[in-house]
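In what follows, a single structure is set out as structure tokens and then discussed.
Note: hydrogens, waters and symmetry copies are ignored here, and every other heavy atom, side chains too, is used.
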Amino acid sequence: MIQEHHSANANDMNSHWFKITLLIAALGMPLIATAAKVGPDVAIMEVRIGTEKTNRQIVIGLYDDAAPATVANFRDLAARGFYKNIRFHRVFPGTMVQTGDPVTRLWLLAPRRPIKVGTGGPGFTLPAELGRNLKRGSVAMSRLPDEINPSKASNGSQFFITLAPAPKLDGKYTVFGEILEGLDVLDEISNLPADTNDFPLPNVVIKSITISPRFAEAAQQ
């Protein structure tokens, strides 16, 4: 574990590095991050599975320092209600789940996989912020393949969650958070029956994503 240094000089250096990362992100260049720690806020995602009458809760810790541009965008989309009624559109048993495509919202009641699912977004991409490995519970942005996306720019809204380590993907996707609560829910979602395109047959719908102070969430239980 890398210890934090609290001297005035160290704080100045950290502040300077943070400004540099934001400048690089603004220029559209990939960021290489060497450490990731959960910030002061969490994203609370309420999910409805199938015909259930109650929501399931998933809590995401955000890497504010390691992926500042990505986290800032995620916060903004959540605050604007962008993710409301978006479906999970890819599930791989015990391995990964994916969501965040607004195309799935247009066919909320459709029993089949919506046309062009997985192609949607908010209309923009994000610069890559690379450097973190994908472990169980990692939250990462989706993106187009290298042959058409050599800069590894992220989709503006789609994200996936790994339910097992994925060493072959390490360093290739922007990891901007980790699951603090609700991995059991995501395991259950990953094992739902799916069609031949890995689209879950029961509707799995994001009802809301809200940003809350990290320790306020426990008091709401």
Show your working on side-chain contact (heavy atoms from CB on, under 4.5 Å) between D101 and N155 and close with a plain yes or no. CA-CA 9 Å; D101 181 359; N155 181 285; over 6 Å; no

Can you find a side-chain donor-acceptor pair between N203 and R48 that sits under 3.5 Å?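 No - no donor-acceptor pair under 3.5 Å links their side chains.
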
Under the salt bridge (Lys or Arg N to Asp or Glu O under 4.0 Å) test, which residues partner D170, sequence neighbours left out?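 Scan of D170 (salt bridge (Lys or Arg N to Asp or Glu O under 4.0 Å), adjacent residues dropped) gives none.
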
Validate the cation-pi geometry between R105 and F82: distance from NZ or CZ to the six-membered ring centre under 6.0 Å, angle to the ring axis within 45°.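 Because its charged atom sits under 6.0 Å from the ring centre and within 45° of the axis, R105 does stack over F82.
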
Can you pull out every ring pair (Phe, Tyr, Trp, His ring centres under 6.0 Å) where at least one residue sits in [range]? Sequence neighbours excluded, please.
range: residues 137-164; value: F74-F159, Y83-F159, F160-Y173
range: residues 121-156; value: none
range: residues 125-148; value: none

Measure the spacing between [atom1] of [X] and [atom2] of [Y] and express it to the nearest 0.5 Å.
X: M96; Y: L134; atom1: CE; atom2: CG; value: 10.5 Å
X: K135; Y: E178; atom1: NZ; atom2: CD; value: 4.0 Å
X: L183; Y: S190; atom1: CG; atom2: OG; value: 10.5 Å

side-chain contact (heavy atoms from CB on, under 4.5 Å) partners of D184, counting only residues at least two apart: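 Listed in chain order: nothing, the list is empty.
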
With D41, which residues qualify under side chain to side chain donor-acceptor pair (under 3.5 Å), at least two apart?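 Counting only residues at least two positions away or on another chain, D41 forms a side chain to side chain donor-acceptor pair (under 3.5 Å) with R75.
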
